[in-house]
Number of protein chains: 2
Amino acid sequence: MAIETSGETPRKILANAESLFAEYGLNGVSLRQITSRAGVNLAAVNYHYYDKEALCREIITNRLRAINATRLDELTQAEARLDGSPVPLDEILGIMARPLFLSGSDPSNYNASSRRLLGRIFSEPLPFAAEILATELQPVMTRFGQAIRRHAPSLSPQDFLWRYSLVVGAMHHAMATLHDMKARTNGVCRNDDPQSALSNFMVFAAQAFAC
Amino acid sequence: MAIETSGETPRKILANAESLFAEYGLNGVSLRQITSRAGVNLAAVNYHYYDKEALCREIITNRLRAINATRLDELTQAEARLDGSPVPLDEILGIMARPLFLSGSDPSNYNASSRRLLGRIFSEPLPFAAEILATELQPVMTRFGQAIRRHAPSLSPQDFLWRYSLVVGAMHHAMATLHDMKARTNGVCRNDDPQSALSNFMVFAAQAFAC
DNA sequence: AAATGTTTTAAACACCAGTATCACACAAGC
DNA sequence: GCTTGTGTGATACTGGTGTTTAAAACATTT
């Protein structure tokens, strides 16, 4: 009579937790909300993930790792292919942004929820979130910064990093607001349209480093 | 023996709540933390502000109103002075960003905490925060969007709003990360340097609407 | 078929949050 | 002088949180 089967419970927890976290923030969601929506027992979270924090880490780190692996892969390939000469700016920006905005190559159900959650992480006040960003994201961003740097040699180190920080901030902010673009634009733009976001980000970011 | 005096309590609550909210987020801070740091009684919050939510509203709305009043004032003056011909893009962007990044003309102690708090609001998941933004900020942003629009007539309505949204997102993200720039840039940029943030944002934003 | 390891369940626990209560201090006013 | 009203103070209350427990159910293996 019990509905299901072997290892479904952790998957259900992850999926429902992710979408709830995306909408209400990490400490805006209780384990009871998660487990009741997932149709599993409250204790299942502590059994399968030890902790609420560990559950959060799992969700965030999974997504970030997949995206960053794709990014580093593609950038490394592009650099190898061009054999020392700089990768074009548009290509760098595309490699940086596309895995974040679109599903990417991983087969998991990357969707609007995970985008919104990732966009939210960057202003999440919880210490462990900052720690995840520092270890998982910072190195990747530094690497892309170096690649982009070659296209803006006339900027001072400070000005370049300010510029780069603004670009990255715009990207993350876009991720967090994709779901609400219609209301923010009085109905002109569509909600959950990462393709438009990506193409606009590309031209936007390229201009930020022009001269 | 009681330390103090007449109407100091509300002010102490506001100041300490603001800096705590800026650091740990709205529901990352308890009233007990606020009142103990402020050196006032726990019940003082409910006495002077009815609610925790009302306290948050008060803090956020105060700051937003002051900034937006300055913005609208200056934009209206510039438009009147130019008598119908478009206000230069740089000037619009400066009017939009300066009151947010710098102290502005209001005499209150606008500081790093309030910047960080305002930068955080935009990704705060609490419903009443979104409501404050919709009523307090959205109209102002629409107004500035219209002013900027005249400098990017060739963009489609959708593309313009995407571009504008990215620029505004970068601005807000910068507000939220000003306090942490040193760590994010491996020591190259300084922490809490709104002047650098502003000047870099200005050239950055201007280029976003070029052609 | 019995035994073993794994997962699920319901209930309880300890804790901390926001809020409400009620007594007290102390000023100004008739 | 006494009262009234405003602010303060310590404390209690109610509800929700993450977590733990121990028993039951299940699957798997021998």
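Protein chains get the first letters and strands the later ones, always in sequence-line order, with residue 1 at the start of each.
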Rounded to whole Å, how long is the line connecting atom [atom1] of [X] with atom [atom2] of [N]?
X	N	atom1	atom2	result
A:Lys52	C:dC16	NZ	C1'	14 Å
B:Asn41	D:dG7	CG	C1'	10 Å
B:Arg32	C:dT19	CZ	P	11 Å
A:Leu42	D:dT17	CG	C1'	10 Å
B:Asn46	D:dA12	CG	C1'	14 Å
B:Tyr49	D:dT8	OH	P	11 Å
A:Glu53	D:dT17	CD	C1'	16 Å
A:Tyr47	D:dA24	OH	C1'	14 Å

> When you check the phosphate oxygens OP1 and OP2 of D:dT17, does a side-chain N or O of A:Ser30 lie under 4.0 Å from one of them?
Replying inline: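 It does, given that an N or O in the side chain of A:Ser30 lies less than 4.0 Å from OP1 or OP2 of D:dT17.
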>> Under 4.0 Å from OP1 or OP2 of D:dT8: is there any side-chain N or O of B:His48 that close?
In response: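 Yes, B:His48 has a side-chain N/O under 4.0 Å of OP1/OP2 on D:dT8.
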> Does a salt bridge link B:Arg120 with B:Glu124, judged by any charged N lying under 4.0 Å from a carboxylate O?
Replying inline: no
> Quick one: are B:Asn186 and A:Leu161 in side-chain contact, heavy atoms under 4.5 Å?
Replying inline: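 No, their side chains stay 4.5 Å or more apart.
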> Would one find more than 12 heavy atoms of other residues, nucleotides or ligands at under 6.0 Å from atom CZ of B:Phe128?
Replying inline: yes
> What nucleotide, of D:dT17, C:dT21, D:dT8, holds the atom closest to the side chain of B:Thr9?
Replying inline: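 Closest nucleotide to the B:Thr9 side chain: D:dT8.
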> How about A:His151 and A:Phe209: are their ring centroids closer than 6.0 Å?
Replying inline: no
> With a non-hydrogen cut-off below 4.0 angstrom, is B:Ala44 in contact with a base, only sugar-phosphate, or nothing?
Replying inline: nothing
